[in-house]
Asks: 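This is the structure I have questions about; it appears just below.
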Amino acid sequence: MTGPLAGVRVLVLAGMGPVPYVSMLLADMGAHVVRVVRPPNRAARALSQTDALTDELDIVNRGVESVALDLKSSDGRDSVMRLASTADAFIEGYRPGVAERLGLGPEVLTERNERLVYVRLTGYGQHGPRSSDAGHDINYVAQSGALHAMARKGEAPRPPINLLGDYAGGGALGAFGLVCALVSAGRTGKGQVLDAAMVDGVAVLTAKLHGLRAAGIYSDDAGTNFLDSGAPFYDTYRCADGGHLAVGALEPDFYREFVTRLGVDLSDWPDQNDQSQWPRLRGLIADAIAKRPRAEWAQVYDGTDACATPVLTFDEAAADPHNRERGVYENVDGVLHPVPMPRFSRTPARAPSAPRVGTVDFDDVLSRWDIEN
């Protein structure tokens with residue numbers, strides 16, 4: 001097994017959102033991740049929109065092995081505790097108190113294994129008035145204050161799919177916290193419990209914005225700032241063929257490079273930083289970009305410091321020369337996989353592979369984790 005986390009054992013109670021994502025991140029880095037799923041006779045029916053998502057297409061489960069255990073039975077709970085007794089980390093995404101009611105709370109498991117890192121991935125955290133509320137990514141991003149900022153002026157906020165709460169604030173920061181705790185356990189011999197809430201995670205992602213607000217250079221009026229589509233030189237524009245060009249020409253030198261290459265008369269264009277003229281400047285940029293197809297603009301700005309790039313679809317991103325040379329995407333059995341990152345010079349991550357179909361034998365996991373059957 002390859003990767004910087006080779007040899008690390010992670011036990012996961014199956015869940016949604018950030019739970020499978022953090023599992024994938026750890027498995028990509030070489031950890032042996034074992035996911036506990038319900039037996040077939042107790043499996044919950046999938047949401048209608050995911051009915052077509054078969055095991056081999058559920059990319060966030062790549063590199064993860066699943067065992068079927070009934071957590072409502074004493075045998076199932078005992079099996080989980082046996083694995084947890086030698087695991088390095090344990091992950092659950094239940095509402096507060098559920099793991100305790102199953103007899104698998106942190107006090108029980110850490111008593112058996114004092115080096116265990118016990119990660120609790122939730123939306124609202126382990127305490128607070130909303131801690132037991134149901135929710136999804138959009139709710140956690142809204143609760144953090146971040147969703148309010150994701151709107152064009154005069155329009156409703158737009159959720160960033162489920163990338164910000166589930167995957168960035170929850171999964172990625174949850175994985176970061178888990179690895180931090182593993183480093184601490186390696187030094188001290190003692191694990192700890194992580195309260196990884198998606199609201200908290202999204203909030204910490206907005207740290208820079210709070211500094212800007214305190215300095216009086218970022219407004220709570222969404223769609224009026226430099227980075228939220230307020231600035232006409234940091235936005236997307238429709239091209240002649242219906243494609244779009246992304247423009248991020250914030251700095252004066254980059255902006256000058258961008259507008260000079262538009263191929264239009266700039267003699268009466270307003271100053272870049274005259275915010276009273278931003279609506280007019282936006283119209284001038286839009287008119288110029290609308291005259292040519294996206295492919296032509298890609299050629300115009302290729303290799304320049306104009307910070308203007310075509311907005312690519314996923315398939316186009318996979319075929320893009322830069323992404324292709326770096327191997328950002330890999331086709332695995334006809335399915336497009338983003339490759340693991342970051343890239344390590346000495347302990348490369350595991351190559352993407354199709355997720356395993358079905359479950360593995362529990363006794364096999366016991367054997368590989370050196371637990372007597």
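Remember, predicted model here, so these are calculated numbers, not experimental data.
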Asks: Considering all heavy atoms of both residues, which atom of Cys307 and which atom of Phe254 are nearest to each other, and what is their separation?
Replies: SG-CD1, 3.6 Å

Asks: Can you give me the closest heavy-atom contact between Asn61 and Pro20, atom names plus distance?
Replies: OD1-CB, 3.9 Å

Asks: If every non-hydrogen atom of Ala146 is compared with every non-hydrogen atom of Val202, which pair is closest and at what distance?
Replies: CB-CG1, 3.7 Å

Asks: Start with the C-alpha gap between Arg35 and Ser66, add the side-chain angles, then the distance that decides, and say whether side chain to side chain donor-acceptor pair (under 3.5 Å) holds.
Replies: CA-CA 5 Å; Arg35 180 178 67 142; Ser66 297; 3.1 Å; yes

Asks: Main chain of Asn113, side chain of Thr110: is a donor-acceptor contact present, judged purely on distance under 3.5 Å?
Replies: no

Asks: Taking everything shown except His210 itself, do over 12 heavy atoms lie less than 6.0 Å from its NE2?
Replies: yes

Asks: Dump the intermediate steps for salt bridge (charged side-chain N to carboxylate O under 4.0 Å, His left out) on Asp235 and Arg152, then the final yes or no.
Replies: CA-CA 10 Å; Asp235 206 348; Arg152 292 184 177 275; 2.8 Å; yes

Asks: Within the side chain of Asn225, is there an N or O that forms a donor-acceptor pair under 3.5 Å with the backbone of Tyr218?
Replies: no

Asks: Partners of Gln192 by side-chain hydrogen bond (donor to acceptor under 3.5 Å, both in side chains), sequence neighbours excluded?
Replies: none

Asks: Backbone N or O of Leu71 within a donor-acceptor pair of the Arg77 side chain at under 3.5 Å?
Replies: yes

Asks: Could you go through the side chain to side chain donor-acceptor pair (under 3.5 Å) check for Asp75 and Ser73 one step at a time?
Replies: CA-CA 5 Å; Asp75 287 345; Ser73 72; 5.7 Å; no

Asks: What are the two closest heavy atoms between Met341 and Met29, and how far apart are they?
Replies: O-CE, 3.6 Å

Asks: Can you confirm whether Val335 sits close enough to Ile59 that some side-chain heavy atom of one is under 4.5 Å from a side-chain heavy atom of the other?
Replies: yes

Asks: Once rounded to the nearest 0.5 Å, what's the spacing between atom CE of Met24 and atom NE2 of His337?
Replies: 9.5 Å

Asks: Is a side-chain donor or acceptor of Asp200 paired with a backbone partner of Ala197 at a separation under 3.5 angstrom?
Replies: no

Asks: Are side-chain heavy atoms of Pro232 and Tyr237 found at a separation under 4.5 Å?
Replies: yes

Asks: Is the shortest distance from a Lys or Arg side-chain nitrogen in Glu92 or Arg120 to a carboxylate oxygen in the other one below 4.0 Å?
Replies: yes

Asks: Under 3.5 Å, side chain of Asn331 to main-chain N/O of Leu336, donor-acceptor pair present?
Replies: no

Asks: Return yes if some donor-acceptor pair links the side-chain N/O of Asp137 with the main-chain N/O of Gly165 below 3.5 Å, else return no.
Replies: yes

Asks: Can you find a pair of side-chain heavy atoms, one from Arg95 and one from Thr122, that are under 4.5 Å apart?
Replies: no

Asks: Could you tell me if the side chain of Met198 sits less than 4.5 Å from the side chain of Asp166, heavy atoms only?
Replies: yes

Asks: What is the ring orientation for Tyr118 with Phe90, classed by angle as parallel under 30°, tilted 30 to 60°, or perpendicular over 60°?
Replies: tilted

Asks: Does Thr236 reach the side chain of Leu245, with side-chain heavy atoms less than 4.5 Å apart?
Replies: no

Asks: Would you say the rings of Phe233 and Phe258 are close, in the sense that their centroids are separated by under 6.0 Å?
Replies: no

Asks: Decide, yes or no, whether a salt bridge links Arg213 with Asp220 under the criterion of side-chain N to carboxylate O below 4.0 Å.
Replies: yes

Asks: Evaluate the salt bridge (charged side-chain N to carboxylate O under 4.0 Å, His left out) criterion for residues Arg256 and Glu251: first the C-alpha distance (whole Å), next the side-chain angles of each, then the deciding distance (0.1 Å), finally the verdict.
Replies: CA-CA 9 Å; Arg256 189 178 306 111; Glu251 293 81 359; over 6 Å; no

Asks: Is Gln272 reaching over with its side chain to a backbone N or O of Leu250, donor-acceptor style, under 3.5 angstrom?
Replies: yes

Asks: To the nearest 0.5 Å, what is the distance between NE2 on His127 and CG on Asp195?
Replies: 6.0 Å

Asks: Could you walk me through whether Val117 and Leu194 pass the side-chain contact (heavy atoms from CB on, under 4.5 Å) test, one step at a time?
Replies: CA-CA 7 Å; Val117 173; Leu194 275 64; 3.9 Å; yes

Asks: State whether Arg280 and Asp268 are salt-bridged, where the test is any N-O pair (Lys NZ or Arg NE/NH1/NH2 against Asp/Glu carboxylate O) under 4.0 Å.
Replies: yes

Asks: On a heavy-atom basis, which atom in Thr206 and which in Ala203 lie closest, and how many Å separate them?
Replies: OG1-O, 2.6 Å

Asks: A quick test of your reading: do over 12 heavy atoms of other residues, nucleotides or ligands sit less than 6.0 Å from CZ of Phe344?
Replies: yes

Asks: Under 3.5 Å, is there a donor-acceptor pair linking the side chains of Thr313 and Asp315?
Replies: no

Asks: Ignoring hydrogens and geometry, is there a side-chain-to-backbone donor-acceptor pair from Tyr140 to Gly135 under 3.5 Å?
Replies: yes

Asks: Do Leu366 and Leu83 have side chains that get closer than 4.5 Å, going by heavy atoms?
Replies: yes

Asks: Could you check whether Asp364 pairs with Arg368 (Lys NZ or Arg NE/NH1/NH2 to Asp/Glu carboxylate O, under 4.0 Å)?
Replies: yes

Asks: Leu262, Leu284: one ILVMFWY side-chain cluster at the under-4.5 Å cut-off?
Replies: yes

Asks: So if I apply the salt bridge (charged side-chain N to carboxylate O under 4.0 Å, His left out) rule between Asp28 and each of Arg62, Arg343, Arg350, which one comes out positive?
Replies: Arg62

Asks: Is Lys153 salt-bridged to Asp221, going by a charged N under 4.0 Å from an acidic O?
Replies: yes

Asks: Counting neighbours of CD1 on Ile161 that are heavy atoms of other residues, nucleotides or ligands and sit closer than 6.0 Å, is the number greater than 12?
Replies: no

Asks: In plain terms, say whether Arg82 and Glu372 are close enough for a salt bridge, that is, a side-chain N and a carboxylate O under 4.0 Å apart.
Replies: no

Asks: Between Arg9 and Asp370, does any side-chain N to carboxylate O distance fall below 4.0 Å?
Replies: yes

Asks: Kindly say whether Ile289 contributes a backbone atom to a donor-acceptor pair with the side chain of Trp297 at under 3.5 angstrom?
Replies: yes

Asks: Let me see the working for Tyr234 and Phe226 under ring pair (Phe, Tyr, Trp, His ring centres under 6.0 Å), right down to the final yes or no.
Replies: CA-CA 7 Å; Tyr234 198 90; Phe226 278 80; 9.0 Å; no

Asks: Which atom pair, heavy atoms only, marks the closest approach of Gly171 to Pro18?
Replies: N-CB, 3.6 Å

Asks: Main chain of Leu281, side chain of Trp269: is a donor-acceptor contact present, judged purely on distance under 3.5 Å?
Replies: no

Asks: When you check the gap from the basic side-chain N to the acidic O, do Asp55 and Arg356 get nearer than 4.0 Å?
Replies: no

Asks: How about Leu205 and Leu164: do any of their side-chain heavy atoms sit closer than 4.5 Å?
Replies: yes

Asks: Does Leu104 reach the side chain of Met81, with side-chain heavy atoms less than 4.5 Å apart?
Replies: yes

Asks: Got a second to check how far Asp302's CG is from His322's NE2, nearest 0.5 Å?
Replies: 11.5 Å

Asks: Answer yes or no: are there more than 12 heavy-atom neighbours, outside Glu107 itself, under 6.0 Å from its atom CD?
Replies: no

